[in-house]
**Student:** 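Can you keep this structure in mind? I'll have questions shortly.
Just so we're on the same page: letters track the sequence lines, and every chain starts at 1. Both backbone and side-chain heavy atoms feed into the values below; hydrogens, waters and symmetry mates do not. Keep in mind it's a predicted model, so treat the numbers as computed, not measured.
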Protein chains: 2
Amino acid sequence: MMKIVDRRAANRQRTHEAILSAAQELVRERRQADFSFEELATRADVSRRTVFNHFPTRDDLTLALCNDILAAVIEDFRRCAMEVPVGDSSRDNYFDAIFTALAATDLPGAIRTIVRILPENETDERVSAIMHQALTLLDGVIRSETMRRLPGTDEFQVDLFVSALVNGLATASEHWLKCGVEIDQASDDDWQPYFHAVITQLRHGHLTPAPPSTS
Amino acid sequence: MMKIVDRRAANRQRTHEAILSAAQELVRERRQADFSFEELATRADVSRRTVFNHFPTRDDLTLALCNDILAAVIEDFRRCAMEVPVGDSSRDNYFDAIFTALAATDLPGAIRTIVRILPENETDERVSAIMHQALTLLDGVIRSETMRRLPGTDEFQVDLFVSALVNGLATASEHWLKCGVEIDQASDDDWQPYFHAVITQLRHGHLTPAPPSTS
DNA sequence: TACACTAAGTGCAACATTGCACTCAGTGCA
DNA sequence: TGCACTGAGTGCAATGTTGCACTTAGTGTA
């Protein structure tokens with residue numbers, strides 16, 4: 001058993017994760033984030049005061065939860081990307097790999113969950129901003145995978161692509177939310193046209209006519 | 001999930017128990033108490049300073065360990081006593097029940113363990129005192145069982161019996177330790193004559209000739 | 001509409017753990 | 001025999017958790 005170098009930091013981290021883990025558990029059971037901080041504290045086996053110490057406002061907790069949800073997607077992406085052979089460093093090959101890995105994650109599930117945990121009276125702008133911020137967490141992992149598959153690519157080019165992909169996904173999620181289908185009842189299939197539109201535009205550029213309408 | 005009224009007390013208790021539990025684990029693995037406080041802390045997942053906060057000296061820890069070992073015997077006794085029907089409130093019936101429950105505990109194992117965890121250079125007097133103190137923990141449980149099986153018995157009579165039994169066991173353990181057999185290698189059968197001597201004397205009194213020699 | 005209740009949020013002090021540096025005693029080795 | 005090392009033990013301050021009391025905002029009900 002390894003001796004822990006900084007037990008204080010480790011304990012604090014453990015408490016932090018226990019709170020987040022408990023919150024996720026409650027969201028899973030409730031289908032929304034309607035638990036009280038008291039309830040969360042009990043579930044996490046810490047005091048209510050401690051929950052506030054770690055998450056000064058409910059907003060802070062909500063954002064952290066969103067990040068956690070995306071972290072799971074990132075982990076999925078990483079694992080799936082590892083299972084796709086590197087190939088011949090062609091752009092086509094690379095696009096296939098990235099989109100295959102992305103498609104294999106539960107990104108639609110994550111989007112649904114994020115919507116569910118936001119307060120019901122949240123403004124569209126606020127929902128959109130949070131979704132964008134969460135999706136930008138994909139930035140790093142996609143950048144890494146890009147460097148791995150297309151070594152030597154100009155950094156600016158990489159940034160352009162990654163940025164276009166991440167923002168494309170954010171935009172797609174926005175349109176999905178506005179499509180009129182109750183997001184909580186939406187299936188993964190409902191998300192596919194939006195996802196497909198993003199990857200098609202990225203492959204062929206914006207001079208190519210848009211794919212068939214998503215509605 | 002019940003809300004904990006005093007989380008501080010509960011957490012402190014949990015830490016205390018984690019340390020004791022870890023110590024027991026190390027004793028079980030090592031066959032003696034030769035672990036460092038550092039090692040104990042790591043096993044208990046607390047800091048070394050915390051171990052000292054809970055057990056200011058190694059002696060304090062040793063005594064607490066002895067108590068823990070006897071607590072297990074007490075729990076055994078309680079469980080076994082529950083399985084023996086109350087009967088007719090006769091003295092004979094009562095003696096049978098108490099001695100049956102006692103015999104079903106791992107009292108010899110507890111004695112062996114206690115000896116093992118004491119420092120090798122501990123004096124006979126010290127070993128004896130610790131053993132006595134530990135065995136007196138049986139006092140309460142035997143008293144309760146006596147009141148349950150012989151309701152209305154004079155309290156003085158109860159005290160006489162309980163005291164005679166507990167001190168008899170302590171004396172028996174002392175003689176067992178002095179019998180020349182390496183206690184660590186002793187079997188439960190080696191203990192039986194000593195145990196038997198105690199219960200016989202308690203049943204019939206000291207005017208009856210002593211049972212056959214224990215050596 | 002006023003009041004009671006609930007829950008988020010806040011300030012502050014008590015408490016328990018932790019880190020760190022140190023002393024002291026015992027042990028082993030050159 | 002002196003020195004280096006190890007582990008028990010100690011003092012003290014930093015850190016994180018906890019308890020408690022309070023404020024504020026929102027909600028429901030008589």
**Student:** Could you check how far CD of A/Gln13 sits from C1' of C/dT18, rounded to whole Å?
**Tutor:** 17 Å
**Student:** How is B/Asn11 classified with respect to the nucleic acid when contacts are heavy atoms under 4.0 Å: base, sugar-phosphate, or nothing?
**Tutor:** sugar-phosphate
**Student:** Which of these nucleotides, C/dA8, D/dT10, C/dT10, is closest to any side-chain atom of B/Arg49?
**Tutor:** D/dT10
**Student:** For the rings on A/Phe161 and A/Phe156, is their centre-to-centre separation under 6.0 Å?
**Tutor:** no
**Student:** Classify the side chain of B/Arg48 and the base of D/dG9 as holding, or not holding, a donor-acceptor pair under 3.5 Å.
**Tutor:** yes
**Student:** Just N and O in the side chain of B/Thr50: are any of them under 4.0 Å from OP1 or OP2 of C/dT17?
**Tutor:** no
**Student:** Here's a test of your reading of the structure: between A/Arg8 and B/Arg8, which maps to the more 5' nucleotide of DNA chain D?
**Tutor:** A/Arg8
**Student:** How far does OG of A/Ser187 sit from CZ of A/Arg112, to the nearest 0.5 angstrom?
**Tutor:** 7.0 Å
**Student:** Side-chain N or O of A/Thr15 versus OP1/OP2 of D/dT17: is the shortest distance under 4.0 Å?
**Tutor:** yes
**Student:** With a non-hydrogen cut-off below 4.0 angstrom, is B/Asp6 in contact with a base, only sugar-phosphate, or nothing?
**Tutor:** sugar-phosphate
**Student:** Do the numbers put A/Arg58 on top of the ring of A/Phe35, so that NZ or CZ is under 6.0 Å from the six-membered ring centre and no more than 45° off the axis?
**Tutor:** yes
**Student:** Hey, which sits more toward the 5' end of DNA chain C by its nearest nucleotide, A/Ala9 or A/Phe37?
**Tutor:** A/Phe37
**Student:** Given atom CG of A/Asp34 and atom P of C/dA8, what is their separation to the nearest angstrom?
**Tutor:** 11 Å
**Student:** Could you give me the CA-CA distance, side-chain angles and deciding distance for B/Thr42 and B/Glu38, then say whether side chain to side chain contact (heavy atoms under 4.5 Å, CB included) is met?
**Tutor:** CA-CA 6 Å; B/Thr42 299; B/Glu38 180 72 57; 4.3 Å; yes
**Student:** Nearest 0.5 Å, please: how far is OH in B/Tyr194 from CD1 in B/Ile111?
**Tutor:** 11.0 Å
**Student:** For a quick check of understanding: with a heavy-atom distance under 4.0 Å over all strands, which category does A/Phe55 fall into, base, sugar-phosphate or nothing?
**Tutor:** nothing
**Student:** Could you give the CG-to-P distance, from B/Asp59 to D/dG7, as a whole number of Å?
**Tutor:** 19 Å
**Student:** From CG of B/Asp60 over to P of D/dA8, roughly how many Å is that when rounded to an integer?
**Tutor:** 14 Å
**Student:** For the pair made of CG in A/Leu61 and C1' in C/dA7, what is the distance, rounded to whole Å?
**Tutor:** 14 Å
**Student:** For a quick check of understanding: with a heavy-atom distance under 4.0 Å over all strands, which category does A/His16 fall into, base, sugar-phosphate or nothing?
**Tutor:** nothing
**Student:** For A/Phe52, answer base if it contacts any base atom (sugar-phosphate contacts may also be present), sugar-phosphate if it contacts only those atoms, and nothing otherwise; contact means non-hydrogen atoms under 4.0 Å.
**Tutor:** base
**Student:** Round to a whole Å and report the spacing from CZ of A/Arg58 to P of C/dT10.
**Tutor:** 14 Å
**Student:** Rounded to the Å, how far apart are B/His54 NE2 and D/dA8 P?
**Tutor:** 17 Å
**Student:** To the nearest angstrom, how far is A/Asn53 atom CG from D/dG19 atom P?
**Tutor:** 12 Å
